[in-house]
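Here is the structure we will look at.
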Amino acid sequence: MTYTILQKKIEDIIINDSKVLQCSSNQLKKLQGDSFSNISRHGKYCFLQTNQDYFLILHFGMTGNVKYYKNGSDPKHASLIVLFSNGYKFAFINVRKLGKIFFSQDKNQFIKKMGLGSDAFSLSKNEFIKMLQYKKGIIKSTLMDQKTIAGIGNIYSDEILYHSSIHPKRKTGDFSKHELSSIYKNMQKIFQVAIDIKVQLDHFPDYYLINRRKPAMKCGLCKGTIERKKINGRSCYFCNKHQK
DNA sequence: CCCCATGTTGTAGG
DNA sequence: TCCTACAACATGGG
């Protein structure tokens with residue numbers, strides 16, 4: 001039971017980059033002497049709960065990561081390091097500094113304050129349909145809107161629509177419940193695969209879009225070709241043949 | 001070297 | 001309301 005940050009006494013918190021801090025350093029000091037008791041997630045936010053029911057909350061941005069280690073030097077770009085009494089350290093690595101660190105005493109209140117929708121992997125099919133069926137904009141934007149559903153980002157929204165044979169610019173409000181149900185099922189399937197492979201992106205099956213995110217690449221599902229379009233300021237990849 | 005891309009989000013302006 | 005552009009930032013590929 002050494003290789004977990006749970007139930008280890010927190011000796012100190014080192015802040016190397018205060019710009020990513022969305023709370024005061026005094027709030028982080030409250031964690032000293034306590035230990036983490038539970039880890040959970042809502043959308044793209046990771047909640048580290050302590051025995052006093054405080055929450056250290058991490059958002060990873062595009063390049064956020066964590067490392068639990070004992071020997072050797074601290075990783076590059078470690079925005080924050082938690083020192084434990086067993087000599088281990090826990091680093092929040094944040095290369096592009098797009099990640100953020102929060103503190104809260106109430107997880108649900110935090111979720112509400114951030115305006116997050118239900119977690120994409122937890123919500124039911126009926127709830128999914130209810131949230132989407134009357135939305136205005138295009139389906140890719142809707143899927144990525146954290147206030148509607150929390151947790152879907154750029155590559156996963158593309159992957160879901162690719163598996164659902166749906167063009168990313170179709171209007172969300174135009175879909176039948178049956179089509180929304182199909183999107184939901186593909187979302188669940190893709191998330192489960194991601195979990196199964198521990199989110200090592202190069203372990204996704206070859207035919208997945210994630211392996212084909214380059215213009216002019218061949219589609220993995222039909223004879224089509226992959227195209228790129230800017231949507232929401234992000235690169236959207238899709239098949240020009242089977243996504244209608 | 002430059003230019004462009006990249007698992008994100010908030011804001012400004014049309 | 002919704003879409004676009006852009007800023008924040010570091011790194012790697014061509």
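Just so we're on the same page: letters track the sequence lines, and every chain starts at 1. Computed over heavy atoms, backbone and side chain alike; hydrogens, waters and symmetry mates excluded.
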Could you tell me the separation between the [atom1] atom of [X] and the [atom2] atom of [N], rounded to a whole number of Å?
X         : N       : atom1 : atom2 : value
Lys214(A) : dC4(B)  : NZ    : C1'   : 12 Å
Ile93(A)  : dA10(C) : CD1   : P     : 16 Å
Ile210(A) : dA5(B)  : CD1   : C1'   : 14 Å
Ile138(A) : dC2(C)  : CD1   : P     : 11 Å
Lys135(A) : dC3(C)  : NZ    : P     : 12 Å
Lys229(A) : dT4(C)  : NZ    : P     : 12 Å
Leu209(A) : dG7(B)  : CG    : P     : 11 Å
Asn94(A)  : dG7(B)  : CG    : P     : 16 Å

- Message: Distance check, P atoms only: dA5(C) and dA5(B), in whole angstrom units.
- Response: 13 Å
- Message: Please give the distance between the P atoms of dC3(B) and dC6(C) as a whole number of Å.
- Response: 15 Å
Nearest to the side chain of [X] - [options]?
X         : options                 : result
Lys136(A) : dA10(C), dC2(C), dT6(B) : dC2(C)
Lys19(A)  : dG7(B), dC9(C), dA5(B)  : dC9(C)
His77(A)  : dA10(C), dG7(B), dC3(C) : dA10(C)

Is the ring centre of [X] less than 6.0 Å from the ring centre of [Y]?
X         : Y         : value
Phe191(A) : Tyr156(A) : yes
Tyr45(A)  : Phe60(A)  : no
Phe102(A) : Phe110(A) : yes
Phe128(A) : Tyr184(A) : yes
His167(A) : Phe238(A) : yes

- Tell me whether Ile13(A) is reachable from Phe92(A) by hopping between hydrophobic residues (I, L, V, M, F, W, Y) whose side-chain heavy atoms are closer than 4.5 Å. yes
- Are the side chain of Asn94(A) and the backbone of Ser79(A) linked by a donor-acceptor contact shorter than 3.5 Å? no
- Which distance, rounded to the nearest 0.5 Å, do you find between the NE2 of His163(A) and the CG of Leu221(A)? 6.5 Å
Looking only at side-chain N and O atoms, does [X] come under 4.0 Å of OP1 or OP2 in [N]?
X         : N      : value
Ser235(A) : dT6(B) : yes
Arg213(A) : dT6(B) : no
Lys230(A) : dC3(C) : no

Just distance, no hydrogens or angles: give the donor-acceptor pairs under 3.5 Å from side chains in residues 193-204 of chain A, sequence neighbours left out.
{"unit_1": "Asp196(A)", "atom_1": "OD1", "unit_2": "Gln192(A)", "atom_2": "NE2", "d": "3.1"}
{"unit_1": "Gln200(A)", "atom_1": "NE2", "unit_2": "Ile197(A)", "atom_2": "O", "d": "3.1"}

- Task: Report which part of the nucleic acid Phe191(A) touches: base, sugar-phosphate, or nothing (heavy-atom distance under 4.0 Å, all strands).
- Result: nothing
- Which is true for Ile231(A) with a 4.0 Å heavy-atom rule: it touches a base, it touches only sugar-phosphate, or it touches nothing? nothing
- Message: Show me, range against range, the stems involving DNA chain C, built from at least 3 consecutive Watson-Crick or G-U pairs below 3.5 Å.
- Response: B:2-6 with C:10-14, B:8-14 with C:2-8
Pairs under 3.5 angstrom, nitrogen or oxygen only, protein versus nucleotides 8-12 of chain B, please.
{"unit_1": "dT8(B)", "atom_1": "OP1", "unit_2": "Lys44(A)", "atom_2": "NZ", "d": "2.9"}
{"unit_1": "dT8(B)", "atom_1": "OP2", "unit_2": "Asn154(A)", "atom_2": "N", "d": "3.3"}
{"unit_1": "dT8(B)", "atom_1": "OP2", "unit_2": "Arg234(A)", "atom_2": "NH1", "d": "3.1"}
{"unit_1": "dT8(B)", "atom_1": "OP2", "unit_2": "Arg234(A)", "atom_2": "NH2", "d": "2.4"}
{"unit_1": "dT9(B)", "atom_1": "OP1", "unit_2": "His59(A)", "atom_2": "NE2", "d": "3.1"}
{"unit_1": "dT9(B)", "atom_1": "OP2", "unit_2": "Lys44(A)", "atom_2": "NZ", "d": "3.0"}

- Message: Check for me whether Lys8(A) meets the cation-pi criterion with Phe84(A), that is, NZ or CZ under 6.0 Å from the six-membered ring centre and within 45 degrees of the ring axis.
- Response: no
